[in-house]
Amino acid sequence: MKVHLTLNGQATTLEVAVNETLLAALRRHGIFGVKHGCETGECGACTVLLDGRPVASCVTLAAQAAGHAVTTIEALGEYPEKGWKPTSELHPLQKAFAVSGAIQCGYCTPAMILAAKALLDENPHPTEAEVRDALSGTLCRCTGYVKPVQAVLDAAAELRGEKVIELKSPLAAPPGLFRPPQEEAGPPPVPSSFPPAGGAAGPYPLTATEARLEVRVAQETRPKTTYVGRPEVKVDAVKLALGRPAFAADVEMRGLLVGKILHSPHAHARIKRIDASKARALPGVHAVLTWEDVPRVAHSTAGQSDPIPGPLDFFSLDNKVRFVGDRVAAVAAETEEIARRALELIEVDYEILPAILDPREAQPPDRRTEVAAVFAPEDANSPADESQRLAADGHVRRRSAGLGSPAGANHELQGFPIIHDEPDYVPFGDCDPQRNLAAAIRIDLGDVDAAMLQADHVFVGEYSVPRVQQAPIEPYVCLTYWDEDDRLVIRTSTQVPFHVRRMLAPVLGLPVKRIRVIKPRIGGGFGNKQEVMLEDICAHLTIATGRPVLMEYSRQEQFMASTSRHSMHFRMRTGVMADGTIVANEMLVLSDTGAYGNHALTVTGNTGHKAMSLYDVPNIRFHADIVYTNRPPSGAFRGYGVPQGFFALETHMERIARELGFDPLEFRLKNAVKPGAEHPMSKVWSEGREAHGEIIHTCALEECARAGAEAIGWQRGQGDKGTRRQGDKEKAFPSPPLPLSPSPLRKGLGVALVMQGTAIPNLDMGAASIKLNDDGSFNLLVGATDLGTGSDTVLTQMAAEVLGCPPEDFITYSSDTDFTPFDKGAYASSTTYISGAAVVRAAQQVAEQMREVAARMLSAQGPAVEPYEITLEERRAWAPDGRSVTFAEIALHSLHHAQQHQIMGSGSWVSPDSPPPFAAQFAEVTVDTETGQVRVDKLVMALDCGVIINPATASGQVEGGMTQALGYALCEEMVFDQAGRLIPTDFQKYHIFRADEMPEMRVIFVETFEPTHPFGVKAVAEIPLDGVAPAVANAVYDATGVLIPSIPLLPEKVWRALREA
Amino acid sequence: MKPAPFKYYAPVTVDEALAHLAEHGYEAKPLAGGQSLIPLLNFRLARPSVIVDLNNISELFYIRPDDGGLLIGAMTRQRQVEHDPLVAERAPLVHEVMPQIAYPQIRTRGTFGGSLAHADPSAELVAVNIALNGRFRLRSQAAERWVPADEFFVGLFTTALEPEELLVEVALPPMPPRSGWAFQQITRRHHDFCIAGVAVVVTLNDRGQCEQARMVFLSAGDRPVIAHQAAEMLKGHAPSPELIQAAAEKAARDEIDPGSDIHASAEYRRHLAGVLARRVLTQAFERAKARETGKSGNW
């Protein structure tokens, strides 16, 4: 049908199907600023203005736009400079979003800007609460909403004529970006009840968004810099604010087919028969692929360096399905409608197999490892009994004990489900598929058992953390096609383009050189896209059809058939002397890798490598089993095993401190690792490879703890329960809560100390190349993968610093396997450190060549100058006597005039060190003891990430990371039914935080200068995830006297815990 | 993802819409704001063969005063109700609840009547309309009838509407003098459908005794639940904290039948219902007293 509407001010007629959503119709007509994030109107990425009001276009029919005015981001502004023709320039909202750092991945940015525009059009003087309400319909997984809210308030001020926003970086260098920190106003009063308007749970009290950003210097060794350390506007901010077609699916292509996957309805089954003939016969269907059609190549989906540190247990299509959502078949058809009908026509007979849905039941009962035995369901000893038993007999043997006896008799296995029984399974390390063991880790340092016997106190505790999803707002999306050279092009939303190319070559039967991977802008990844999970099947469909194929996951598919964070069970056992010195620390882990072993070994190894290194204990044990279950595969999720470990460690430490009557912060600091110490786990663990001990050169943990304590008001004293400083062990725990008032509300403070790493030592490699253009600008080509974090920007700042010109002189491009040098990809918090050092090397080469040319030019004009005497600054090469030539003159000279050559350089970097960032994270909570609701009022994070290259992007990382971690603490959880089906498959059942329910957040950077990096940086990306959940749980403990050893802290869980206490 | 194919009609009058419904009966589905229906279509959980889109029927968009109360056209957008001064004045309970429904994009499109016809037992407007003694005007080609709100909701996502009928108008009577209201819900996150919720309107007589207490529970069964026994306990008595507590416990213990799901167990919902009932009754009686003594300027 034809729909007549006014589209972005123009009378337009669209040809649409009656059953087409407005979102689908707009994108089909090239309006790519409208984004797909879900199918239920809940993420808001598809927001358009309908007659000036925001609506979700995914739940509006295209036909319903008839006669109405539809406005998309495309109507709002233009790039400020487009040659001779004047432009309308950016809308104030677009400028404000770019300048304030409100844009990370930029996928939800058009929606936020439109929602804000609708607000400002009718209310030029919005309060912060009104801004937050206006943004509440648009989910952002990157920013934590601090900077978007600030941007809208700033834009409102400009529209009112009260200020002018310049589209350039705020000049204020740290400290004190944006606004100075304000004085603490003392403890907030305990309210008598949560605000009634939003029910007892909310709305959250709105806090002044101040974008409070502080950078303090712990070491005065930092060299003076010009561009490093400044809150530069992100290099991709303007295009994202304009909603330009920058993402993987934002392309039109002749002959494009739609790819769809048939997912398994069963948790564990063998495909007895599969008949696709009816589907293939459907007009418009170009290919149907089943396991009978594609080569069977065992591989891993984990995007990691060669060799893959895990089992090869995945097949593009298999005759066995291992979780609800696993692949059964794939279809390529001319339209989505036809593809869906084809899926329904595929006939499959399944032999349903018994499924393993609980990791504690993954190993055959007669053949459990010692670790698995600890967590086995029938092992119901109370922790107190266990404490005495384990401390007394020290029965857990040292590493030499191995994993127990080899395979038992096969008849014992009959009937017990073995998830990976395929003969072509390629094992790795200590995996044992015959008992559903994807990986095992046994690390012992010193003599834990002997130390436990000598400890004055031994504390045992069990903890658990859930499976949660990364939930990038852009789901998996991939486009594949044959180019004019018959090379396979994969345009994909990935964090690991080079791994995609290398890993898919054998799977597709193509040499690496015949594959080109293009990474456009990425709508968030958070580890989810460190996985090669859609590209293979999409490429198979292109190979099968010869046609371009686009595959986009729905939100439901994204939840049930991508990766998630490993759920883990922990048992901690810690030996402490009377003076508070920890002498032995043991962590046993049962980790659920789900149906495949991607990231199984490395995630859980990282759990121990980081969590068990924070406290410098001579005797450490870290034993882990990573088991297969018939649940979706776990994978990489920002933090990579470490948030799990710190929840267990830091709630356990809280218990110990309180039971022994120590201030929880002082107890932690007493035992924490100090600068100059050897990283405790570095000598025994390096992602399954040979380990080398590392010295911790920089550690401002104590300064972070002091700064954070001051910011949260730690000195305000104890929470309402009054346990924190009480020395009397008898009274500390069991005494009933004494209400301070009749109100059921209790307030409390909690802390957690955390550390992370910076890249994988001796393995992670990044490279960059830089070339000089005629006008003195540069192309900076990096293999590093900016997935919204701002890495393109900080890498540009580092190049700018070396070359002495502003970042806008760089054309930064990442990443395309044909054009950019190799980089292992965006993971392990490595880009600023590893890729940054590579950029510095490349820039130094370019600088050296420029100095040589400049020296020749200057010497020809006057007194002789040596290259080493030249300095590069303000786009000029300066001789000591004050003469100079411009970069453009150098470029023209070297490219056109004399001794011609292309000035260019390339650099690579790999580091033997993985310097840990450190942080202290604090939470202030209010608990409704009648209902069990927990409201987090404030989060503070003080962190030592080395030198901060860009305070705006770095603080954005911290705010967004804390927000994800807040969901981990309070409300996010992937729950399965008894058939193994995931229950929350949309944003109604899976809760992520919205703009109007955020606590106040404060970020304090305590800078050190890390000597292993040219600019002294360490990582910032992952560490914000680590400490929020334990800090919140500890604050609830402070408020109520009850430690809840598992997250999320759902109201019912809290209520039950309080009732049972 | 997009809906399965269907026939699409976009009538501009109620009569025209009713003709389509009469012709297609069970095969047809009226489309109001679509914020619940279109997700169901997108997932193909609903596959009507005919969609009758009501969004072009201008005669269904209005808010009018009516003898001290209000008449609200079924297609009036939730956002308009949220910002309407007449609603704020005459139906303060509705005004207070509106911002808690979903988020701006949804309220832009979602309609007052659509939420009622969808009959989600956890939907705020369902409970509020019952608490306010709302009446719904239902029209078919052949007839028109008025159905009280408490008879309209007959089960999970099920109403008294016949396939050929449309909900066209809601009448909210004026609140009696000396009345107070309150609404509270507990959600896992703001904007979510609630784990438990209660809407209440209470009226005091001139001696300060409870004359009427109309308390409606959300997410407490397959339809909204009216606490008649609790109301009886309160009736004729001055609302003391003890009495309020007892009435709240009575309602939570004996009158509701909540279910279990991944968000909450039935036991917990029952507990929350009791806590919330106490809190809303307390607040509503305070408001009723304040209004009686003239403390509240804008009730």
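Predicted model, so just to flag it, every value in this text is computed and none were measured.
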Heavy-atom contact with chain A under 4.5 Å, split by part of [X]:
| X | answer |
| --- | --- |
| B:A102 | neither |
| B:R278 | side chain |
| B:L40 | neither |
| B:N56 | side chain |

Find the one option among [options] whose heavy-atom pairs under 4.5 Å with chain B are most numerous.
| options | value |
| --- | --- |
| A:A118, A:S136, A:G932 | A:S136 |
| A:E42, A:R341, A:M1, A:E973 | A:E42 |
| A:G137, A:G41, A:A17 | A:G137 |
| A:A63, A:A66, A:A56 | A:A63 |
| A:V59, A:D977, A:V55 | A:V59 |
| A:E552, A:E337, A:E20 | A:E337 |

Salt bridge [X]-[Y], side-chain N to carboxylate O under 4.0 Å:
| X | Y | answer |
| --- | --- | --- |
| A:E344 | A:R340 | no |
| A:R994 | A:D133 | no |
| A:R53 | A:E122 | yes |
| B:K7 | B:E23 | no |

Side-chain ([X]) to main-chain ([Y]) donor-acceptor, under 3.5 angstrom:
| X | Y | answer |
| --- | --- | --- |
| B:N42 | A:C58 | yes |
| B:R270 | B:P258 | no |
| B:Q35 | B:G33 | yes |
| B:R269 | B:I195 | yes |

If I measure from the heavy atoms of chain B, does [X] come under 4.5 Å with its side chain, its backbone, both, or neither?
| X | value |
| --- | --- |
| A:K1053 | neither |
| A:V975 | side chain |
| A:L50 | side chain |

Check against side chain to side chain donor-acceptor pair (under 3.5 Å), B:E96 and B:W181: CA-CA 10 Å; B:E96 189 170 296; B:W181 70 94; 3.3 Å; yes

B:G110, B:S265, B:A10, B:A264: which one forms the most heavy-atom pairs within less than 4.5 Å of chain A? B:S265

Relative to chain A, which of B:V198, B:L37, B:D53, B:V280 shows the most heavy atom pairs under 4.5 Å?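 Going by pairs under 4.5 Å, I would pick B:D53.
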
Report yes or no: is the cationic atom of A:R555 (NZ for Lys, CZ for Arg) under 6.0 Å from the centre of the six-membered ring of A:F987, at an angle within 45° of the ring normal? no

